[in-house]
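Hydrogens, waters and symmetry mates play no part in the numbers below; they use all other heavy atoms, side chains included. Within every chain, numbering begins at 1; the chains are lettered A, B, ... in the order of the sequence lines, protein sequences first and strands thereafter.
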Amino acid sequence: MGRMSDLNTADTPGTDSPDTPPHSPTAAEDGTPMTPSVPEKPALEGLEEKLSRAWEQERLYRFDEDAERGTVYSIDTPPPTASGSLHVGHVFSYTQTDVLARFHRMRGRNVFYPLGWDDNGLPTERRVQNYYGVRCDPSRPYDPDYTPPQSPAKNQRDWDVISRQNFIELCEDLTVEDEKVFEDLFTRLGLSVDWTQTYRTIDDDSRTVSQRAFLRNVVSGDAYTAMAPTLWDVSFRTAVAQAELEAKERPSAYHRYAFAAAGGEQVFIETTRPELLPSCVALVAHPDDERYRHLVGTTVTSPLFDVEVEVRAHHLADPEKGSGIAMICTFGDMTDVTWWRELDLPTRTVIGRDGRFSAETPEWLTTESARANYGRMAGLTVHSAKETVVEMLREQDLLDGEPTPITHAVHFYEKGDKPLEVVTSRQWYIRNGGRDAERRSAMVERGREVRWHPGFMRSRYENWVEGLNGDWLISRQRFFGVPIPVWYRLDAQGEPDYEAPILPEESQLPVDPAAQPAPGFDESQRGAAGGFVGEMDVLDTWATSSLTPQIAGRWGRDDTFFDAVFPYDLRPQGHDIIRTWLFSTVVRAHTLHGSVPWTDTALSGWILDPDRKKMSKSKGNVVVPTEPLEQFGSDAVRYWAASAKLGADTAYEIAQMKIGRRLAIKLLNASKFAFNLGVTEEHIVHDADTSAVLSEPVDRALIAELRDVVERSTRSFEDYDYARALQLVESFFWSFTDDYVELVKERAYGSRGEDAQASVRAALATTLDTVLRLFAPVLPFATDEVWRWWRSGSVHAAAWPAPEDLGSVEGAPALMSTVAEALAGIRRAKSEAKVRQRTEVRSARITAGATEAGHLEAALGDLLAATRSHSLELVSEGAAGGGVVVSEVDLADPEEG
RNA sequence: GGAUCCGUAGCUCAGAUGGUUAGAGCGCUCGCUUCACACGCGAGAGGUCGAUGGUUCGAGUCCAUUCGGAUCCACCA
């Protein structure tokens with residue numbers, strides 16, 4: 001109730017700036033109400049440009065940095081990938097967030113609505129490389145005077161090789177243009193983002209936050225380094241995390257061949273990866289499997305490679321799969337890793353980080369034929385090695401039958417195009433519950449502290465957390481990204497000590513250990529025995545993205561600021577990245593702050609094309625978002641987005657945008673009509689109960705209904721159900737224009753005297769005032785356009801309407817609908833007679849229940865005028881209920897009308 | 001295999017805590033220059049709420065089973 005009303009009285013330069021449109025109201029400096037100034041022909045065209053400029057000038061969406069926590073509503077906005085392409089999905093989900101932001105702003109909250117850019121990661125790395133023709137070598141020293149080539153060299157070998165810092169600077173230069181395109185789109189869309197609160201995930205501040213968080217995690221034991229088998233992408237030559245996996249269906253085949261057991265027994269195994277035979281370390285069968293029980297504890301010898309391996313028992317061995325006994329290799333998949341770990345098996349690595357079989361023949365192959373056989377596959381890719389092994393098995397008649405083709409799921413890195421291998425390497429991890437039940441249940445608990453919109457999305461989170469099979473792998477063997485800020489001491493033999501990494505002081509951040517010496521060392525000691533080496537790996541992008549609340553909130557730079565916004569009120573995002581962005585953010589907040597990062601999260605749905613297929617670039621069905629914005633206007637597109645509930649995958653619907661456009665235009669026209677009837681700001685009724693002006697029952701009924709709409713739409717908004725709120729306001733508004741306005745037109749023209757006219761004006765002014773504010777979050781342009789015709793300031797600085805503002809109007813909420821039924825009855829008679837609605841009615845009978853008849857009686861004057869009736873006979877039949885029946889309509893001759 | 005969501009008029013969707021003849025918009029049909037709007041206005045037709053059982057005085061709404069669609073996770077022997 002007026003919590004923000006002081007904001008719209010002063011300091012609004014828009015009204016008298018040079019950009020003021022000709023029809024802008026003439027602001028009265030002394031605060032007296034102004035005469036509405038309405039254009040001849042209201043239109044949506046041009047509103048976006050005009051109003052977004054006004055909002056910027058008026059600094060409407062600036063976050064008040066001195067605000068107290070209690071008044072703040074902070075949003076952990078997703079940073080778009082700067083080098084990514086625009087998609088209607090952006091328009092869709094960002095609008096949904098903006099609608100919520102606008103609601104809370106009008107509710108009096110000081111909204112912190114920043115927007116950052118995600119320019120840290122592979123997409124940017126690739127784009128910068130190709131655009132400039134450069135490559136990053138982190139060991140290069142920084143060259144402050146470096147300028148990239150005019151055009152990239154044709155041959156990649158001729159590309160400039162530059163330091164990480166130089167690479168980061170190029171990235172910052174290049175993404176400026178990309179970001180501009182996004183900013184233009186978002187501005188045009190009417191996002192009420194505070195554009196002074198921006199960041200980039202690769203800038204100094206973000207790197208500092210990312211490194212600080214990492215260091216704190218190291219100190220607390222939440223981050224650690226370990227040598228372990230990890231999933232590895234052979235094209236990108238980096239380790240990848242569980243969250244980045246994608247299972248793809250691939251054709252494959254079971255190959256059946258036998259190991260030789262004692263006494264000449266043949267033990268057949270079936271495998272889709274025969275090429276791993278030289279790395280076999282054991283066979284495994286289920287302990288209860290009768291077929292193999294006698295073999296457990298004995299050894300068998302591998303075909304082709306003559307390696308003696310043990311037969312072991314393990315409950316994970318599935319008697320149903322293949323022959324029921326499996327070959328354990330180093331490493332065919334993560335199950336191999338489990339067996340290797342739990343059965344304490346030897347390591348026999350044959351596949352290198354480049355995805356090829358090692359060129360040297362492994363020392364555990366001892367027989368001459370084994371070494372010869374391996375020689376044929378040395379240096380080959382996995383694919384070729386498989387062909388070679390199968391060939392050799394065939395040549396020596398070791399293959400039992402032909403390979404059986406199957407289709408099975410294979411793990412890929414989501415950005416990669418070759419199956420992942422498992423290689424052993426030293427990596428950094430963050431404890432996320434993947435190896436620790438206590439942490440896991442803590443993470444589930446955190447998930448329950450957050451309110452999910454819609455609620456069922458939480459089960460995806462829990463599903464993911466409960467299915468984790470290892471800690472979060474955060475190191476990447478890439479060149480571009482946030483460096484892992486550690487160094488390692490070299491002992492006298494020049495071997496690094498990974499157990500006690502050298503950490504920088506937080507005040508030194510950001511650091512690049514590849515280019516800067518470790519604290520206490522000199523650059524000349526790099527790589528020397530007794531000296532140090534810098535960590536060369538970078539952090540996974542999610543390790544930085546998981547800190548968007550800390551980055552935008554200036555954690556470590558401005559604690560007062562951070563405390564004012566953290567934990568955030570809202571995390572909006574897509575439901576596809578619950579396992580990555582959402583979960584990792586929860587993990588970081590838990591380890592760094594011992595709290596959830598936000599109290600609520602809103603999950604937007606996907607955009608599907610009209611055939612209900614997911615829109616994606618590869619399918620070529622992506623709609624460029626500027627098209628609908630130009631064609632229908634921003635409010636129309638926003639209406640489409642705001643009509644969809646959170647979490648609901650939604651079709652790209654032009655029809656829905658047309659409806660939104662119609663609504664926005666109607667709002668302009670209906671408002672214009674009211675103002676042309678002499679409605680001004682002065683007519684607004686602030687308490688319908690005590691208002692003597694509001695004398696007509698019909699008018700009071702309208703306000704009573706409006707009050708109900710305010711109440712219910714507010715409740716829906718509080719519950720993050722903006723779609724329902726919109727629907728409530730919209731249906732009220734259409735019945736307002738179609739029935740109420742039609743009903744009171746004549747009275748508004750003054751046909752029934754000044755008091756009756758004043759009552760309409762009060763109802764119209766009050767309704768308009770309220771409805772504009774109710775629509776403002778969804779239709780920011782049309783509503784503010786109208787607002788500026790008759791009020792000072794912006795509707796977006798006005799307070800959200802409260803039911804109390806309208807008083808507790810007693811009376812008949814059903815009156816309006818009863819009258820509308822009677823109105824429709826007469827209209828129907830005219831329609832059926834195929835005459836114009838202006839045709840006069842000599843007489844008609846309206847039958848209704850007692851209560852309804854009373855309502856009609858109260859509205860009779862308006863009803864007569866609106867239907868152009870000479871006389872209406874009201875018949876009360878029954879107590880209440882029952883429909884309103886219009887009969888015996890006697891229409892005048894058309895000539896009379 | 002585990003989990004989640006969805007299945008309501010030709011289309012896109014609403015239908016809190018189960019309660020009188022199931023709603024909206026679009027589309028369709030018919031009509032109308034009615035002094036805000038033809039980017040308009042009025043009227044009409046159109047649904048046994050995927051199916052089958054059950055709970056209940058009463059179910060689109062709750063339970064079970066089942067069919068269909070979608071998504072997430074797991075699944076490389």
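- Of the charged side-chain nitrogens involved, none lies within less than 4.0 Å of a carboxylate oxygen, so that A:Glu40 and A:Lys672 do not count as a salt-bridged pair.
- Between the side chains of A:Tyr413 and A:Glu246, no donor N or O sits under 3.5 Å from an acceptor N or O.
- Residues passing the side-chain contact (heavy atoms from CB on, under 4.5 Å) test with A:Leu47 are A:Leu44, A:Lys50, A:Leu51, A:Phe781, A:Glu785, sequence neighbours excluded.
- In this structure A:Tyr639 satisfies the ring pair (Phe, Tyr, Trp, His ring centres under 6.0 Å) test with no other residue, sequence neighbours excluded.
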Short N/O separations, protein against nucleotides 1-9 of chain B, under 3.5 angstrom:
{"unit_1": "B:rA3", "atom_1": "O2'", "unit_2": "A:Asn463", "atom_2": "ND2", "d": "3.2"}

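- The shortest side-chain heavy-atom distance between A:Leu667 and A:Leu772 falls under the 4.5 Å cut-off.
- The residue A:Phe675 sits apart from the nucleic acid: no heavy atom pair falls under 4.0 Å.
- A:Phe675 pairs by the ring pair (Phe, Tyr, Trp, His ring centres under 6.0 Å) definition with A:Trp790, not counting sequence neighbours.
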Can you tabulate the close N/O pairs, meaning under 3.5 Å, that link protein atoms to atoms of nucleotides 22-24 of chain B?
none

* **Under 4.0 Å protein heavy-atom contact, by nucleotide of nucleotides 35-42 of chain B - B base, S sugar-phosphate only** => BBBSBSSB
* Asked: Given the rule in the ring-ring contact (aromatic ring centres under 6.0 Å, His included) test, do A:Trp452 and A:Tyr461 qualify, once you have shown the distances and angles that lead to the verdict?
  -> CA-CA 10 Å; A:Trp452 298 72; A:Tyr461 172 91; 5.4 Å; yes
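- Looking at A:Arg712 and A:Glu705, no side-chain N of the basic residue comes within less than 4.0 Å of a carboxylate O on the acidic one, giving no salt bridge.
- Residue-level contact check: A:Arg579 touches the backbone only, with heavy atoms under 4.0 Å from sugar-phosphate atoms and none from bases.
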